[in-house]
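Being a predicted model, the structure only gives us computed values, none of them experimental. Below, read A as the first sequence line, B as the second, and so on, with proteins coming before strands; counting in each chain starts at 1.
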Protein chains: 2
Amino acid sequence: MTLSSRDRLAIGELSARSGIAPSALRYYEELGLIRSERTSGGRRRYRRATLRRLAFIRVAQTIGLSLDEIRDCLADLPADHVPNAAEWETVATAWQRRIDARIADLERLKSKLTGCVGCGCLSLTRCALYNPADTAAGRGPGARFLLPSEDPPSV
Amino acid sequence: MTLSSRDRLAIGELSARSGIAPSALRYYEELGLIRSERTSGGRRRYRRATLRRLAFIRVAQTIGLSLDEIRDCLADLPADHVPNAAEWETVATAWQRRIDARIADLERLKSKLTGCVGCGCLSLTRCALYNPADTAAGRGPGARFLLPSEDPPSV
DNA sequence: GTGCAATGTCAAGTGCACTTGAGGTCAAGC
DNA sequence: GCTTGACCTCAAGTGCACTTGACATTGCAC
């Protein structure tokens with residue numbers, strides 16, 4: 001039984017178990033999202049808790065966070081030990097709020113589309129999908145509205 | 001009253017009314033997402049229906065479609081006239097399915113997080129957020145699971 | 001008829017999230 | 001001892017969705 005299989009993971013093992021390519025793992029480390037120790041020969045060795053961290057990262061990406069934002073999020077979680085209930089609760093509830101907001105965005109969009117089906121979008125002045133854009137004239141360049149309830153990532 | 005303000009829009013007007021930069025509009029045209037006619041002097045002139053198309057594009061982006069996918073979607077909508085009820089219905093219902101799938105993904109994630117709060121994530125073998133990743137060992141590199149119900153964009 | 005903002009093209013640059021390649025090292029197995 | 005595969009670093013490349021820059025032209029406003 002090798003050392004890594006006892007309590008530390010080699011990068012290949014971590015990659016296999018997380019589904020994330022070694023190159024990406026090195027990249028995450030470079031960005032400060034994960035950490036590793038090194039063997040005397042210079043190879044990376046990861047704690048098992050890193051797997052949890054990676055699961056976290058992957059989930060965070062699916063709800064639209066950038067790696068930079070994710071790094072900030074991870075600062076709220078312990079890097080080297082299993083988070084306790086209180087630590088989790090803080091982070092998880094903040095995330096749930098974020099997910100809720102995203103779901104609300106999508107529901108809003110869906111109802112707009114429903115309205116469009118109803119109206120047949122025959123009227124430029126009535127279509128909800130169309131008008132939010134058109135009435136944005138003069139709000140300055142690059143204005144994005146309609147969907148993203150763009151509160152800064154607070155978790 | 002200028003020609004463009006009568007029934008065609010100059011790129012600056014379209015940009016102001018859509019909130020999308022002129023450079024992006026040219027880029028979209030290059031990709032075949034929108035079309036324009038040209039004045040004798042070579043300037044772009046857009047039909048008003050292009051605004052609707054742009055609203056569509058922006059919405060499609062927020063639900064995660066690439067511009068390539070969006071171009072395919074737009075093929076189902078008339079480029080130059082206001083879509084009729086049947087045309088809209090086809091497209092809009094397909095979109096709603098896609099939105100529903102995305103919402104379901106998020107709900108699934110949310111319930112996983114809820115479970116994590118409950119368990120306090122004190123157990124590596126029990127945490128739902130953690131295990132889907134860890135048990136993926138051997139599924140090949142780059143495997144992504146957990147969230148994306150990855151059906152090809154069919155709308 | 002002149003000025004100037006808006007627009008045109010084309011090539012190159014940007015930011016993100018990685019991947020790929022070159023060239024070298026480490027370590028388990030025979 | 002030697003092979004072989006996993007791993008190392010560093011630089012460069014990739015794909016997407018645009019933006020920026022340089023330089024030329026157009027056309028409305030005075």
Side-chain angles (χ1 to χ4, degrees), chain A residues 1-6 8-34 36-46 54 57-72 74 137 141-144 148 153, chain B residues 1-6 8-46 54 57-72 74 137 140-144 148 153:
Chain A
M1 197 169 227
T2 65
L3 182 144
S4 67
S5 67
R6 260 197 284 117
R8 299 292 145 110
L9 300 171
I11 195 168
E13 292 169 307
L14 188 65
S15 173
R17 298 187 79 77
S18 68
I20 297 173
S23 60
L25 295 174
R26 294 192 195 99
Y27 178 63
Y28 290 168
E29 188 171 335
E30 193 185 330
L31 295 188
L33 276 84
I34 59 176
S36 67
E37 294 139 35
R38 298 298 180 111
T39 66
S40 56
R43 270 107 198 274
R44 289 173 178 83
R45 286 296 177 265
Y46 298 96
L54 290 173
I57 291 169
R58 211 172 39 232
V59 168
Q61 284 187 306
T62 71
I63 63 171
L65 297 191
S66 71
L67 292 183
D68 255 29
E69 291 168 332
I70 294 171
R71 186 184 37 221
D72 295 343
L74 286 171
R144 293 295 149 82
Chain B
M1 196 171 227
T2 65
L3 182 143
S4 67
S5 67
R6 262 196 283 115
R8 297 293 145 110
L9 300 171
I11 194 166
E13 293 169 307
L14 188 64
S15 172
R17 299 187 77 78
S18 67
I20 297 172
S23 60
L25 295 175
R26 294 191 195 99
Y27 179 63
Y28 290 168
E29 188 171 336
E30 194 184 328
L31 295 188
L33 276 84
I34 58 175
R35 293 188 312 163
S36 68
E37 295 140 33
R38 298 296 181 113
T39 67
S40 57
R43 271 111 197 272
R44 289 173 178 81
R45 285 298 177 264
Y46 297 95
L54 290 174
I57 290 169
R58 210 174 36 232
V59 169
Q61 284 186 307
T62 71
I63 62 170
L65 297 191
S66 71
L67 293 182
D68 254 32
E69 291 168 332
I70 295 171
R71 185 185 38 220
D72 294 344
L74 286 171
R144 293 297 148 81

Any side-chain heavy-atom pair from B:Leu74 and B:Ile57 closer than 4.5 angstrom?
yes

Rounded to the Å, how far apart are B:Leu67 CG and D:dT19 P?
11 Å

Please determine whether side-chain contact (heavy atoms from CB on, under 4.5 Å) holds for the pair A:Arg17 and A:Ser15, giving the CA-CA distance in whole Å, both sets of side-chain angles, and the decisive distance to 0.1 Å.
CA-CA 6 Å; A:Arg17 298 187 79 77; A:Ser15 173; over 6 Å; no

Is any side-chain heavy atom of B:Leu54 closer than 4.5 Å to a side-chain heavy atom of B:Leu25?
yes

The nucleotide from C:dA17, C:dA6, D:dT20 with an atom nearest the side chain of B:Arg43 is C:dA6

Separation of atom CD in A:Glu37 from atom C1' in D:dC8, rounded to whole Å
17 Å

To the side chain of B:Ile11, which of D:dT19, D:dG27, C:dT7 is closest?
C:dT7

Where is the tightest heavy-atom contact between B:Ser36 and B:Arg38, given as atom of each residue plus distance?
OG-NE, 3.9 Å

Side-chain atoms of A:Thr39 come closest, of C:dC18, C:dA27, D:dA17, to C:dA27

A:Arg44 CZ to D:dC7 P, in whole Å, measures 11 Å

Distance below 4.0 Å between B:Tyr28 side-chain N/O and D:dA17 OP1 or OP2
no

Protein-nucleotide distance (B:Leu9, atom CG; C:dT7, atom C1'), rounded to Å
15 Å

Would you tell me if any nitrogen or oxygen in the side chain of B:Tyr27 comes within less than 4.0 Å of OP1 or OP2 on D:dC16?
no

If you apply the rule side-chain contact (heavy atoms from CB on, under 4.5 Å), what do you find for B:Tyr46 with B:Arg44, and how did you get there?
CA-CA 7 Å; B:Tyr46 297 95; B:Arg44 289 173 178 81; 3.0 Å; yes

Nearest to the side chain of A:Arg26, heavy atoms from C-beta on, is which of D:dA17, C:dA17, D:dT9?
D:dT9

In whole angstroms, the gap separating P of C:dA17 from CD of A:Glu29 amounts to 17 Å

What is the separation between atom CD on A:Glu69 and atom P on C:dC16, rounded to the nearest whole Å?
10 Å

When you measure from the side chain of B:Arg71 to the backbone N and O of B:Ile34, does any donor-acceptor pair fall under 3.5 Å?
no

First of A:Ser40 and A:Pro22 reached from the 5' end of DNA chain C, by closest nucleotide
A:Pro22

With 3.5 Å as the limit, what N/O pairs link the protein to nucleotides 10-12 of chain C?
none

Let me know, please, whether A:Gly42 or B:Gly42 comes out on the 5' side of the other along DNA chain C by nearest nucleotide.
B:Gly42

Starting from P on D:dA17, measure out to CG on B:Leu65 and report it in whole angstrom.
10 Å

Starting from the C-alpha separation in whole Å, work towards a yes-or-no answer on side-chain contact (heavy atoms from CB on, under 4.5 Å) for B:Leu9 and B:Arg45.
CA-CA 5 Å; B:Leu9 300 171; B:Arg45 285 298 177 264; over 6 Å; no

Taking 4.0 Å as the cut-off, does a side-chain nitrogen or oxygen of A:Arg58 come that near to OP1 or OP2 on C:dA17?
no

Given atom OH of A:Tyr46 and atom P of D:dC8, what is their separation to the nearest angstrom?
7 Å

